[in-house]
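First comes the structure, then the notes that go with it.
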Amino acid sequence: MWTMEYTQLGRTGLKVSRLVLGTMNFGPETDEADSHAIMDAALDAGINFFDTANVYGWGENKGRTESIIGNWFAKGGGRREKTVIATKVYGNMGPDGATVWPNHDKLSALNIRRAVDASLKRLKTDYIDLYQFHHIDRDTPFEEIWQAIDVLVGQGKILYVGSSNFPGYKIAQANEAAARRAGTIGLVSEQCLYNLAERRAEMEVIPAARDYGLGVIPWSPLHGGLLGGVIKKEVQGGRRASGRAAETLKDPAARARIQAYEDLLDKHGLEPGEVALAWLLTRPGITGPIVGPRTAGQLESALRAVELELSEDLLTALDEIFPGPGPSPEAFAW
């Protein structure tokens, strides 16, 4: 049995598990019954931090994932009380390809108010622990955004606020704007694309997050399956690469790096996907990566990463295969 580790979410007093259960597959890939079983298994394993978004479910079914989680909460048994639930706002909730009605997306005070109430209804709860901005809104000033958030916090509808896919300068702008408002806590977390194969966040995003006291929650820790033993699976006739992983493997140099990665871990008798997660847990400032299992078996594999210790020699070898950009500004200056 695994022993889950916990950490504070950024500069807050909120304790969260070092693995985050991603729910994006609930609905599109995993039916409701299996989704509930995965959430029960995650809670039993000590994962208390669940991530979703109002648009998950996608296409004609946006909001479906939040509804699946809400039905799980409604089963009782302390499910809601034990869970730190994080959801997101930004995207248009209408069907894909449909005309966006004015003020029905992005981060205006009006859309934030509507989106919070809709998410609360689908989630069958009266508060959201972490409310995240899914993307920057270039048209809405942070003064307006924080005014809307202050009202919602005062109403008890949300507790903390985080960002997702923000560049470093926007993290700074957001929290400097918050600092000018008495009683506004500002961003406490940033959810960004970060993994062994995609380390650009080390240049600006992660340093900004650490300086402003934000926890960092990496999404796509296996880079779309690229770091999960994709070449070996192809050879063995298993699940073939798709999406980001398939596109990356078309580049001979990138394929050679992935092959070197898999060969290195094969020599150590380690599973690539577990090592990719364990590597993130060694990185400074990282709260915990988001894992999005489609099955209970995939959840078990992710849990093993928490107790996997990577030697200094192995960490050095991984850096040689996937070198980071280096510190900023030295990475692009003298």
Side-chain angles (χ1 to χ4, degrees), residues 20-32 35-36 39 49-74 80 83-142 144-153 155-166 170 174 187 189-193 217 219-220 243 290 292 294:
V20 184
L21 182 70
T23 62
M24 190 169 65
N25 288 319
F26 294 175
E29 298 286 340
T30 308
D31 67 23
E32 180 157 343
S35 298
H36 286 190
M39 287 188 280
F49 197 7
F50 292 11
D51 176 76
T52 192
N54 61 352
V55 294
Y56 290 174
W58 308 113
E60 299 288 332
N61 296 305
K62 291 175 182 176
R64 174 64 178 146
T65 304
E66 285 188 331
S67 294
I68 288 172
I69 297 169
N71 292 339
W72 180 73
F73 283 154
R80 177 64 187 97
T83 302
V84 174
I85 187 67
T87 192
K88 309 183 193 77
V89 58
Y90 179 85
N92 169 34
M93 291 297 289
D96 288 351
T99 300
V100 181
W101 191 255
N103 305 310
H104 279 210
D105 67 350
K106 301 187 179 177
L107 303 179
S108 69
L110 179 55
N111 188 56
I112 288 174
R113 176 176 177 172
R114 286 173 172 162
V116 164
D117 286 343
S119 285
L120 289 170
K121 185 176 180 179
R122 286 188 293 267
L123 288 166
K124 292 183 170 63
T125 186
D126 55 5
Y127 70 98
I128 294 164
D129 298 284
L130 177 64
Y131 200 55
Q132 301 165 111
F133 308 134
H134 213 162
H135 197 275
I136 63 169
D137 181 351
R138 294 177 173 88
D139 298 323
T140 306
F142 280 113
E144 175 181 344
I145 293 170
W146 288 128
Q147 184 273 336
I149 293 300
D150 286 348
V151 170
L152 293 168
V153 171
Q155 293 173 338
K157 292 181 178 180
I158 62 176
L159 302 182
Y160 303 96
V161 181
S163 57
S164 181
N165 307 306
F166 272 35
K170 282 294 181 181
L187 301 174
S189 63
E190 159 61 18
Q191 187 178 134
C192 61
L193 175 61
I217 308 166
W219 62 265
S220 195
I290 297 174
R294 294 185 304 274

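- Rounding to the nearest 0.5 Å gives a distance of 6.0 Å between CD1 of I145 and CG of D137.
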Subject >> Pair W72-F50, ring pair (Phe, Tyr, Trp, His ring centres under 6.0 Å): steps then yes or no >> reply: CA-CA 12 Å; W72 180 73; F50 292 11; 5.5 Å; yes
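- Proximity of L130 to S189: side-chain heavy atoms (C-beta onward) are separated by under 4.5 Å at one or more points.
- Annotation: ring-ring contact (aromatic ring centres under 6.0 Å, His included) contacts of H134 (sequence neighbours excluded): none.
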Subject >> CA sep, side-chain torsions, deciding dist, call: W219, D51, side chain to side chain contact (heavy atoms under 4.5 Å, CB included) >> reply: CA-CA 10 Å; W219 62 265; D51 176 76; over 6 Å; no
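- A heavy-atom distance below 4.5 Å is found between the side chains of V161 and W146.
- Annotation: the span from N165 atom CG to K170 atom NZ amounts to 14.0 Å, rounded to 0.5 Å.
- Other residues, nucleotides and ligands contribute over 12 non-hydrogen atoms within 6.0 Å of the CZ atom of R114.
- Scanning all heavy atoms of the two residues, the minimum distance from S119 to E66 falls at OG-OE2, 2.9 Å.
- Side-chain atoms of E190 come within 3.5 Å of backbone N or O of F166 as a donor-acceptor pair.
- Between the S164 side chain and the H135 main chain, no donor and acceptor come within less than 3.5 Å of each other.
- Of the possible polar contacts, one joining the E144 side chain to the A109 backbone as a donor-acceptor pair under 3.5 Å is found.
- In terms of heavy-atom proximity, I85 sits nearest to I128 at O-CG2, 3.9 Å.
- In this structure a side-chain-to-backbone donor-acceptor pair under 3.5 Å is present from K88 to T52.
- Residues satisfying the side chain to side chain contact (heavy atoms under 4.5 Å, CB included) criterion with E32, sequence neighbours excluded, are H36, R64, I68, N71.
- Residues L21 and F49 form no side-chain contact, since every pair of their non-hydrogen atoms from C-beta on lies 4.5 Å or further apart.
- Considering only heavy atoms from C-beta on, M39 comes within 4.5 Å of F26 through its side chain.
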Subject >> Pair T65-M24, side chain to side chain contact (heavy atoms under 4.5 Å, CB included): steps then yes or no >> reply: CA-CA 7 Å; T65 304; M24 190 169 65; over 6 Å; no
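- Side-chain atoms of S108 come within 3.5 Å of backbone N or O of N111 as a donor-acceptor pair.
- The structure places CG of L123 at 6.5 Å from CZ of F73, a figure rounded to the nearest 0.5 Å.
- Partners of F133 by ring-ring contact (aromatic ring centres under 6.0 Å, His included), not counting sequence neighbours: none found.
- The minimum heavy-atom distance between T87 and A53, with the atom names listed, is OG1-CA, 3.4 Å.
- Closest approach of I112 and L152 over heavy atoms only: CG2-CD1, 3.6 Å.
- K62 places no side-chain N or O within 3.5 Å of a backbone atom of N54 that could act as its donor or acceptor partner.
- Remark: of the listed residues D117, D129, D126, D117 is the sole one forming a salt bridge (charged side-chain N to carboxylate O under 4.0 Å, His left out) with K157.
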**OP:** Would you check, one step at a time, whether the test side-chain hydrogen bond (donor to acceptor under 3.5 Å, both in side chains) holds for T125 with R80?
**Re:** CA-CA 8 Å; T125 186; R80 177 64 187 97; 2.8 Å; yes
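- The minimum heavy-atom distance linking D105 with G91 is given by the pair CB-C, 3.9 Å.
- Residues Q132 and Q191 are in side-chain contact: their nearest non-hydrogen atoms beyond the backbone lie under 4.5 Å apart.
- Of all non-hydrogen atoms in V89 and K106, the two that sit nearest each other are CG2-O, 4.2 Å.
- Formation of a donor-acceptor pair under 3.5 Å by the N25 side chain with backbone atoms of G292 is found in this model.
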